Amino acid sequence: MKDIAAIKQPVINDFQRFEEQFKAAFQSDNQQLTEIYTYLLTNVGKQVRPTLTLLCSKLCGKISDTAIQAAVALELMHTASLLHDDVVDEAKERRGNPSVYAQWGNKTAILSGDYLLAASFLVITGINNARIWMIRANVGKLLAEGELLQLNKADGETVSETHYFKV
C-alpha cells in the first residue's frame, strides 16, 4: 500500500476531491444500502483506476471537474462489477473480508451492484461529452463479455494465453 500512496502523491489534493464525490455517490435513503455501502467504503481497494485517470489528466495539463467525475464513474462501475463477480464466483471474501455476497446474499449483492451501476451513469450525466458516454458503455459491455468468457470455461480446464487475454 505504500507504493500506491507514493504514486498518488502528485494528485493527492485532487484524489481527495475524488474520494468526497465517490462517497457522495453511495448515499441512499435505503437503510440496507447505507449499511452495505458503509461496509464497502471501509474496505476500498487500491483505487488504481481513479488514480490513473487523475494522473493522466494532470499529465495533459490540469485535473478538471470532468476528470474527477470520470474517475468517480469508473470506480463506481468497477465496484459494481466486483459485487456482481462475487455472486458469479460465489466468493466468500473480498480483500480479506467477507464479501457482500457472503454477508447479505446474492440478491442483495446483485441489486447493490445494480444501484452502483446506475449511480455511475448518473455521475456521467454531468459530463457533456458523447465520447466519454460511449467509452463508459463499451467498458460495461466488455466487462460482461469477459465474465461470460470466463464463466464458459469449465473448472480446471486449461486456458490458453489467447483466451486469457480475451477474458
Side-chain angles (χ1 to χ4, degrees), residues 1-87 91 93-104 108-144 146-147 165:
M1 226 27 163
K2 260 168 78 174
D3 293 337
I4 195 72
I7 293 169
K8 286 179 184 175
Q9 200 54 48
V11 295
I12 196 67
N13 292 334
D14 294 296
F15 194 84
Q16 289 170 349
R17 288 177 44 215
F18 154 78
E19 285 180 316
E20 289 167 9
Q21 290 184 33
F22 183 64
K23 288 176 185 172
F26 279 82
Q27 291 180 350
S28 171
D29 292 335
N30 180 293
Q31 183 58 38
Q32 188 172 27
L33 281 174
T34 300
E35 182 182 342
I36 291 166
Y37 296 152
T38 299
Y39 179 75
L40 287 173
L41 288 168
T42 59
N43 295 299
V44 294
K46 295 180 288 295
Q47 298 180 314
V48 171
R49 288 153 198 81
T51 301
L52 289 174
T53 301
L54 298 179
L55 286 168
C56 288
S57 183
K58 185 173 181 110
L59 186 65
C60 293
K62 70 174 194 135
I63 299 175
S64 65
D65 290 339
T66 299
I68 300 282
Q69 289 172 302
V72 169
L74 184 61
E75 193 66 5
L76 286 167
M77 183 175 64
H78 174 65
T79 304
S81 74
L82 295 177
L83 292 177
H84 291 156
D85 190 48
D86 287 346
V87 172
E93 287 189 354
R94 168 73 55 192
R95 299 183 185 113
N97 296 300
S99 65
V100 170
Y101 159 76
Q103 288 270 110
W104 287 275
T108 300
I110 290 290
L111 293 171
S112 298
D114 290 350
Y115 184 92
L116 291 179
L117 283 174
S120 172
F121 279 115
L122 193 57
V123 169
I124 288 287
T125 63
I127 300 173
N128 189 20
N129 186 317
R131 187 162 182 243
I132 291 175
W133 275 81
M134 189 181 309
I135 290 168
R136 164 56 184 90
N138 279 323
V139 168
K141 285 173 54 179
L142 290 170
L143 274 170
E147 282 298 317
F165 282 112

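A quick note: this is a predicted structure, and the numbers were derived from the prediction, not measured.
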(request) Output yes when a side-chain donor or acceptor of Ser99 lies under 3.5 Å from a complementary backbone atom of Ala91, and no otherwise. (result) yes
(request) Drop me the distance from Gln103's CD to Glu93's CD, to the nearest 0.5 angstrom. (result) 11.0 Å
(message) Can you tell me how far apart CD1 (Ile36) and CG (Leu41) are? Round to the nearest 0.5 Å.
(response) 12.0 Å
(message) When you measure from the side chain of Ser28 to the backbone of Thr34, do you find a donor-acceptor pair of N or O atoms at a distance under 3.5 Å?
(response) no
(message) Tell me which one of Val123, Thr125, Asn129 satisfies side-chain contact (heavy atoms from CB on, under 4.5 Å) with Ile127.
(response) Asn129
(request) Report the C-alpha separation of His78 and Leu143 in whole Å, then their side-chain angles, then the decisive distance to 0.1 Å, and conclude whether the side chain to side chain contact (heavy atoms under 4.5 Å, CB included) test is met. (result) CA-CA 9 Å; His78 174 65; Leu143 274 170; over 6 Å; no
(message) Distance check, rounded to the nearest 0.5 Å: Asn13 atom CG versus Lys8 atom NZ?
(response) 13.5 Å
(message) For Leu116, is there any backbone N or O sitting under 3.5 Å from a side-chain donor or acceptor partner on Ser120?
(response) no
Can you list, pair by pair, the side-chain donor-acceptor contacts under 3.5 Å of residues 51-70, counting residues two or more places apart and other chains?
residue: Thr51; atom: OG1; partner: Gln47; partner atom: O; Å: 2.7
residue: Thr53; atom: OG1; partner: Arg49; partner atom: O; Å: 2.9
residue: Ser57; atom: OG; partner: Lys62; partner atom: O; Å: 2.9
residue: Lys58; atom: NZ; partner: Pro10; partner atom: O; Å: 3.2
residue: Ser64; atom: OG; partner: Thr66; partner atom: N; Å: 3.4
residue: Ser64; atom: OG; partner: Ala67; partner atom: N; Å: 3.2
residue: Asp65; atom: OD1; partner: Arg17; partner atom: NH2; Å: 2.5

(request) Please assess Leu40 against Leu83 for the test side chain to side chain contact (heavy atoms under 4.5 Å, CB included), listing each intermediate value before the final yes or no. (result) CA-CA 10 Å; Leu40 287 173; Leu83 292 177; 4.1 Å; yes
(message) Pair Phe18, Val72 - check side chain to side chain contact (heavy atoms under 4.5 Å, CB included), show working.
(response) CA-CA 6 Å; Phe18 154 78; Val72 169; 3.6 Å; yes
(request) Evaluate the side-chain proximity of Met77 to Leu117: yes if any heavy-atom separation is below 4.5 Å, no if none is. (result) yes
(message) As an exercise, state the distance from CG of Leu82 to CZ of Arg95, rounded to the nearest 0.5 Å.
(response) 5.5 Å
(message) Are more than 12 heavy atoms, taken from residues, nucleotides or ligands other than Arg131, located less than 6.0 Å from that residue's CZ atom?
(response) no
(message) With rounding to the nearest 0.5 angstrom, report the OG1 to CG distance, Thr42 to Asn97.
(response) 7.5 Å
(request) Check whether any side-chain heavy atom of Ile124 lies under 4.5 Å from a side-chain heavy atom of Ile132, and answer yes or no. (result) yes
(request) Taking atom CG of Asn138 as the centre, report whether more than 12 heavy atoms of other residues, nucleotides or ligands fall under 6.0 Å from it. (result) yes
(request) Applying side chain to side chain contact (heavy atoms under 4.5 Å, CB included), name anything that partners Asp85, two or more places apart in sequence or on another chain. (result) Asp89, Arg94, Glu147
(message) Enumerate the ring-ring contact (aromatic ring centres under 6.0 Å, His included) contacts for residues 32-75, please, sequence neighbours excluded, ordered by first and then second residue.
(response) Phe26-Tyr37, Tyr37-Tyr115, Tyr39-Trp104
